[in-house]
Structures are given as structure tokens and as C-alpha cells.
Trainee: 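Right, I'll just put the structure down here and ask away after.
All values below come from the heavy atoms of this structure, side chains included, with hydrogens, waters and symmetry mates left out.
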Amino acid sequence: MTAVDPVRWRVVGRDAGAVVVVDLAVDLVEQRRARLSEADWVAEASTTPTAVRWVWSDTTRWYAALLADGVEIARAHDLRLCHAIVRASTLVPASASEALRAEARWDAAPTDTSAAAPSPRGPALFDLDDGEALPVGVPDGIDDVLAEFLRQQAAVAASNDPGRLRLLLAAESAGALLAAELHAAGVPWSIEVHEGILEAALGPRPPAGTAPARVQEFAAVVRSALGDEAASLDSQPKLLRSLHRAGVLARSTSRWELAEYDHPVIAPLLAYKKLTRLQSANGWAWLDEWAGDGRFRPVYVPGGVVTGRWASSGGGALQLPRQLRPAVRADPGWTLVVADVAQLEPRVLAAMSGDLALAEAARGRDLYDGIVASGAISTRADAKIAMLGAMYGATTGESGRLVPALRRAYPRAMGLVDAAARTGEGGGAVTTWLGRSSAPGDAQWREVQDRAGGPDASDADRAHARRSAGDRGRFTRNFIVQGTAAEWALAWLADLRASLAALPPVSDDARAEASGPVFSQRAHLCFFLHDEIIVHTPKEQAEAVAEAVRQSAARAATLLFGGFPIDFPLDLRIGPDAAKS
DNA sequence: TCTACAGGCGCG
DNA sequence: AAAGCGCGCCTGTAGA
């Protein structure tokens, strides 16, 4: 059996009601087991040196309770998340992951910790749309957990690139810790500012069940312009019919299409839609439910997107409108460090393809300006449209027309995404820089392709297959870039999280102003969105935090891409609110 | 009455 | 302006 050092692993599982910890100190031969009560387990976790990595079934299943008890975990290995990566990774030969892939119980959805009723859950099933069902909750018995850990270690060791996979698994697991911490900490939220925004836009808070004053005003103007005092504005089919009667022959009621028509109803209707959107998505009801205690606590779902990006569930963390950003406000005595990466995805593409020309265009400046400076494309706006089109697979319109110029200027970078698209069109799997792989085309997809190639295929069959192949190609084209960008972001987060934890203790004044879990008594991450972070910090540490944010970005670049000359410039602001100035 | 879906729109 | 990728949430409607 192979040694599991240099990291010191502690494997956590349950057994007959108690928490069991197996310490894999140096060698698996020297396993030491300890059976702990819940209280002892909290004490054990809270006094663990930061160099120890806890191995557990599912971070969401264990960590929320520890955080509630004031315990922080520095390092973890999330078996559920890592199982998903290892089982699909093309870096792992099929023979090396066979044992792991046979363990379907580890393909379960995250443990649902929100349910009010505790444990004695039978085989809870989570219905999927195709009639299959995915069980909720992976195994958490100590023997199951230990066995799965060993399967994963073996598969990674037998992979083509254990170093990259280990980095990915560590980053993914650190992300899971952080996701729980972000939820526990919450984004500091000013109810007053939010209410001010709502009142300015919508008027005073209306009684439940009635529309705000400004919404009613615009509705009246719209109905009058339609010449129909009873027109329904909230039902798409009815609104469309009303518009047709008034001479607006739109085929949908979407904002962009309506904007093309010149009619007195358009302006008030667009205003009406904007206001009702604000009211229904982030109005007073949202404020009460999600930020009523002065903290916005979205539920993050690490690994929730196939590409490795996080998803979210509840609260709409991924859709927080810029309009509401001013409501993010630091506590008294505290401030915010807000940072986002400029053009993360094309920079990642330059690095992973080894495209020195694109890296040169990106170096030390706005990447799109750099493309213009190179002469490849004439305006910044066009360069941006072309780059997005190249990464998303645009074939038509302005974007599609501009992509060929990019292909000539940056053949390596474009060659990489074009190759990923061809792989996807053929039903194959593609893999990110660190080893996260997409699923290959499934049986149903394959069947569509096979039918189109058969002797009695109809034109419709062939068109369907062509479209379906194109859809997959655009997905895999984007997967390698979006997924690698997610890996860069995770590396940035993980490094920063550790740096913040190592900052010296803050003054008692700052601590006294803070509220929430123990780690929120000092500078801590409170928000993450793909390529953007917010750190809530005592004012006295803001500069140190900003420096840590920059250093972590630089270290993430080195960690992933070594000495390749690519930089990741940050747009970084320090201030009491998170609105972009 | 309940659930599934589509339209629409917010974010990267 | 979308286009071309990835999401979540709200609303109303259609269908069981």
C-alpha cells in the first residue's frame, strides 16, 4: 500500500451514532481509530493543526454544523465532489477508475441539510426529468468513506497526471468549505439602502397583493396607449394579442424585440416590465426572506455546473442585479475589498493553448485593447464580440464574421477551441486544464447521429442530427475555457482563504462591531461570482487584504500555468459599498 | 389542484 | 441589439 503523506489525512465517518475518525498518520498500515461523541468531535476538529486534511463524505453534510459550533476547517477532501471529477476525467485510464465507477452510491446529490427533520432518512429519491432518480446523500459510514478515499487515491495515482488532478481535487474541496462559510457569513446588506432603491423606483411599499404605485401608473399609460383599458400586461400571449391589435406586430414580447418598434406603447411598456421585474425578483418580499437580518445568505452549490462553476440554489446569488449592488455595505468600522478579473476566460485560453501572441496582447492591459493594438481587429468593441464568438461558437451575425480574423491572428488559441468543438460534434469528451472532463454524447444523442447516417434517413433526421452535433460542439468548445477559468478562480479563492485566515488578529474594536460566526470576526470572503469576490474586512486591514487578493491571483496563475507569461489583472476597489463607481 | 414547461430576464 | 456558452427564479399557461 502506498504512503498517503505528505499530507496528514483524517477520515471522518459515522458509525452507530458516533463520529469515527481514522487518522492515516504516515502509512495506511498505521491507521488509528477514535470514536468520538459529537462534542468531542467538535473539540477535535477545532484544535486540529491547519496542515491536516479532513476527508469526509460531503462537506455540506458535516461543515454547517461545525461552523455553527464555531469550528473552522482549514483543509478538506470532499469525497462526493472528488468522486464526480475522478470518475469522468479522461486523465484517468478506464481501468484505473473502474472500481470507483462501480460505486453508484457516490453519484448522489448533496446531502440535504436544510430539511427540518433529521436523520432517519430512508432512500430519499430526487426525481430527474427523464424518470430516473438520483438518491440524495452519499454514504457517510466510516468504512464506506475510507474505502472510497482509497479508491480515489488509487485512481489518481494511476492517472496520466496525478499532480494536476490533486490540485483540482484540493481546489474543489477548498471551494466546498468556502461555500459553506460564505453562506454562514453572508453578504453585509443594508436594508435601508435596499428599501431606498425600491422606493425610488417603485414607490412606497404596497400592501401585500397589490402592485406598487409606480407600476400601476405605468400600467395605466400602457393600457391607454394600447387603447384597451382591460389589457392584461402580465400574460405573454394576451399581451402579444393586445400589441397586435394596436399595430405592433412583434412575434415575442421580449425587451430587445419590442425596442425595435416605434409606437407610443413601447417606452411605458418597457418601463413597466423593468419595474415588475425588480418587484418580483428583488422586491420587499425578497428582502424580507433573504436579507432581513442584514446579511444576504445565498446557498452556493460547488461543482453545481458541469463545467465546474458553482451553481446556486435559493436567493439568486448568480443574478444579483447591479442595480442592488449599493445595498452591499460594510459594517461600522469595517470595509469591503471588491475584486474581479478582467477578461478571465480569454486569458485562460491564451495560457492553456500556449498562445504567446494572445498572451502578449493581454499582458499588462485590457486584452481587447491589446488585440486592437496587434492590428488583428480594428475596434475594442469588435475585438470583444469576436472573442466571445470564438469561445461560444458563434457562426452568424457580426460575431461570426469577425471570428476568422481572430483565427488568423491567434491560431493556437483558436485551434484549441476549434478542436474542442470538433470533439464535441463527434460525441467525444473534452477536458479542462486540470482534468475535469465533460460527459461524452449519451446514447440518445448517439442514436440521433446514427439515424441520420443511415440509408433511410430523412432530411429532417439529418437536420436534427446536424443541429444536435452543433449544439454539443458549442458546449464542448466553451467547456474547456469556462471550466479552466473556474479552476483558476477556485485556486485564487483557496489561496486567498488561507491568506486571510493567517492575517494577524484584529483589534477588539473591530471584533466588537462584527457579528456572525467566529471566522467573521476577522477579514473574510463574503461573496463569490465566477470571477469576482468581495472580502468583508476591518478597515485597519483593508490594505493588507487588498495585497493578499493580488498575491493570490498571481499565485493562482503560477499554480496552474507555471512560468507561462500570462497575467490576470484585477479591477480592485476598497470602500464601504460594493457598487462599481 | 398540482406539476411541468415556456417565456422572459437577471448574472458571469 | 443578439449572436454564441453556462446558470436560477418568477410568472402564467397547459396538461394531467
Side-chain angles (χ1 to χ4, degrees), chain A residues 127-131 211 232-240 250-261 269-270 272-283 285-286 289-290 298-301 303-325 340-346 348-349 381-382 384-403 406 417-418 420-421 424 430 432 438 467 470-486 488-489 527-533 580:
Chain A
D127 286 330
L128 300 178
D129 13 69
D130 55 4
S232 166
L233 309 185
D234 300 320
S235 160
Q236 193 263 0
K238 289 177 186 168
L239 175 59
L240 201 55
R251 63 184 220 357
S252 82
T253 62
S254 67
R255 183 165 53 86
W256 61 266
E257 184 171 354
L258 292 179
E260 291 177 349
Y261 290 84
L269 178 55
L270 294 183
Y272 173 86
K273 285 161 80 81
K274 192 158 189 65
L275 294 185
T276 51
R277 165 79 190 189
L278 174 63
Q279 153 80 355
S280 66
N282 296 101
W286 181 93
E289 181 177 358
W290 290 101
V299 177
Y300 294 98
V301 185
V305 181
V306 284
T307 58
R309 274 187 174 182
W310 289 9
S312 77
S313 153
L318 274 56
Q319 341 161 214
L320 196 64
R322 306 205 79 80
Q323 189 181 8
L324 286 179
R325 286 303 192 88
D340 64 85
V341 193
Q343 306 107 25
L344 174 57
E345 291 190 352
V348 157
L349 174 59
D382 280 358
K384 181 173 182 177
I385 288 169
M387 185 56 77
L388 292 176
M391 294 188 303
Y392 293 164
T395 55
T396 64
E398 190 66 13
S399 185
R401 274 195 294 282
L402 289 164
V403 172
L406 228 45
V417 286
D418 287 344
V430 295
T432 61
S438 72
R467 183 194 185 88
D471 288 348
R472 274 208 97 244
R474 286 190 302 278
F475 165 67
T476 52
R477 168 189 292 274
N478 184 249
F479 181 98
I480 59 168
V481 180
Q482 186 183 118
T484 302
W488 185 93
F527 188 72
F528 167 56
L529 182 55
H530 306 319
D531 62 358
E532 172 184 11
I533 58 164
K580 212 164 217 172

Trainee: Looking only at side-chain atoms of Pro321(A), point me to the closest of dC5(C), dC11(B), dG8(B).
Mentor: dC11(B)
Trainee: Which residue, Met391(A) or Glu257(A), contacts DNA chain C at a nucleotide closer to its 5' end, judged by nearest heavy atom?
Mentor: Glu257(A)
Trainee: Determine the contact category for Glu398(A): base if any of its heavy atoms lies under 4.0 Å from a base atom, sugar-phosphate if only primed atoms, P, OP1 or OP2 are that close, otherwise nothing.
Mentor: base
Trainee: Could you check how far CG of Asp382(A) sits from C1' of dA1(C), rounded to whole Å?
Mentor: 14 Å
Trainee: Partners of Phe527(A) by ring pair (Phe, Tyr, Trp, His ring centres under 6.0 Å), sequence neighbours excluded?
Mentor: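 So Phe527(A) forms no ring pair (Phe, Tyr, Trp, His ring centres under 6.0 Å) with any residue.
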Trainee: To the side chain of Lys273(A), which of dG8(B), dG10(B), dG6(C) is closest?
Mentor: dG8(B)
Trainee: Extract the stems that DNA chain B is part of, considering only consecutive pairing runs of at least three Watson-Crick or G-U wobble pairs, both distances under 3.5 Å.
Mentor: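 Paired runs of 3+ in DNA chain B: B:1-12 with C:5-16.
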Trainee: Please name the pair of heavy atoms, one in Met391(A) and one in Leu349(A), separated by the smallest distance, quoted to 0.1 Å.
Mentor: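 The pair with the smallest heavy-atom distance is CG-CD2, 4.3 Å.
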Trainee: Kindly write out the residues that satisfy side chain to side chain contact (heavy atoms under 4.5 Å, CB included) with Thr432(A), not counting sequence neighbours, or none if the list is empty.
Mentor: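 Result, side chain to side chain contact (heavy atoms under 4.5 Å, CB included) vs Thr432(A): Arg436(A), Phe479(A), Thr484(A), Glu487(A).
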Trainee: What heavy-atom pair brings Gly389(A) and Val403(A) nearest, and what distance separates the two atoms?
Mentor: C-CG2, 3.9 Å
Trainee: Counting just side-chain N and O atoms, does Thr307(A) come under 4.0 Å of either OP1 or OP2 of dC5(C)?
Mentor: no
Trainee: Send over the distance from Leu529(A) CG to dG10(B) C1', rounded to a whole Å.
Mentor: 11 Å
Trainee: List in numerical order all residues of residues 473-481 of chain A for which some heavy atom is under 4.0 Å away from an atom belonging to DNA chain C.
Mentor: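 Residues of residues 473-481 of chain A that come under 4.0 Å of DNA chain C are, in numerical order, Arg474(A), Phe475(A), Asn478(A).
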Trainee: Can you work out whether Ala259(A) or Ala390(A) has the more 5'-proximal nearest nucleotide on DNA chain C?
Mentor: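 With Ala259(A) and Ala390(A) compared, the 5'-side residue is Ala259(A).
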Trainee: Between protein and nucleotides 8-16 of chain C, map the contacts as a letter string: B base, S sugar-phosphate only, - none, heavy atoms under 4.0 Å, written 5' to 3'.
Mentor: BSSSSS---
Trainee: Send over the distance from Arg401(A) CZ to dA2(C) P, rounded to a whole Å.
Mentor: 16 Å
Trainee: Please name all residues satisfying side chain to side chain contact (heavy atoms under 4.5 Å, CB included) with Ala489(A), sequence neighbours left out, ordered by chain then number.
Mentor: Phe528(A)
Trainee: The criterion is salt bridge (charged side-chain N to carboxylate O under 4.0 Å, His left out); which residues satisfy it with Asp471(A), sequence neighbours excluded?
Mentor: Arg474(A)
Trainee: Could you tell me how far apart Trp256(A) (CH2) and dA3(C) (P) are, to the nearest whole angstrom?
Mentor: 6 Å
Trainee: Categorize Ser252(A) for me: base, sugar-phosphate, or nothing, with a 4.0 angstrom heavy-atom threshold over every strand shown.
Mentor: sugar-phosphate
Trainee: Please state how far atom CG in Leu270(A) lies from atom C1' in dA1(C), giving the value in whole angstrom units.
Mentor: 13 Å
Trainee: What residues form a salt bridge (charged side-chain N to carboxylate O under 4.0 Å, His left out) with Asp418(A), not counting sequence neighbours?
Mentor: Arg407(A), Arg477(A)
Trainee: My understanding is that only residues two or more places apart in sequence, or in another chain, count here; which of them pass side chain to side chain donor-acceptor pair (under 3.5 Å) with Glu257(A)?
Mentor: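 In terms of side chain to side chain donor-acceptor pair (under 3.5 Å), with neighbours along the sequence ignored, Glu257(A) is linked to Arg251(A), Ser252(A).
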Trainee: Tell me: CD of Gln482(A) to C1' of dC11(B), nearest whole Å?
Mentor: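 It works out to 12 Å between those atoms.
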Trainee: Would you give me the side-chain donor-acceptor pairs under 3.5 Å for residues 309-317 of chain A, sequence neighbours excluded?
Mentor:
from	atom 1	to	atom 2	distance (Å)
Arg309(A)	NH2	Glu345(A)	OE2	3.4

Trainee: Have a look at Leu344(A) and say if it touches a base, only the backbone sugar-phosphate, or nothing, with a 4.0 Å heavy-atom cut-off.
Mentor: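 Contact class for Leu344(A): none.
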Trainee: Considering just the side-chain nitrogens and oxygens of Arg309(A), establish if one lies under 4.0 Å of OP1 or OP2 belonging to dC5(C).
Mentor: no
Trainee: Look at Arg325(A) together with Glu532(A) and state whether they make a salt bridge at an N to O cut-off of under 4.0 Å.
Mentor: yes
Trainee: For the pair made of CG in Leu402(A) and P in dG4(C), what is the distance, rounded to whole Å?
Mentor: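 That distance rounds to 14 Å.
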Trainee: Can you sort out the partners of Ser280(A) under side chain to side chain contact (heavy atoms under 4.5 Å, CB included), two or more places apart, ordered by chain and number?
Mentor: none
Trainee: Leu278(A) CG to dC9(B) P: how many Å, rounded?
Mentor: 14 Å
Trainee: Please list, chain by chain and in numerical order, all residues satisfying side chain to side chain contact (heavy atoms under 4.5 Å, CB included) with Ala211(A), sequence neighbours excluded.
Mentor: Val215(A), Gln216(A)
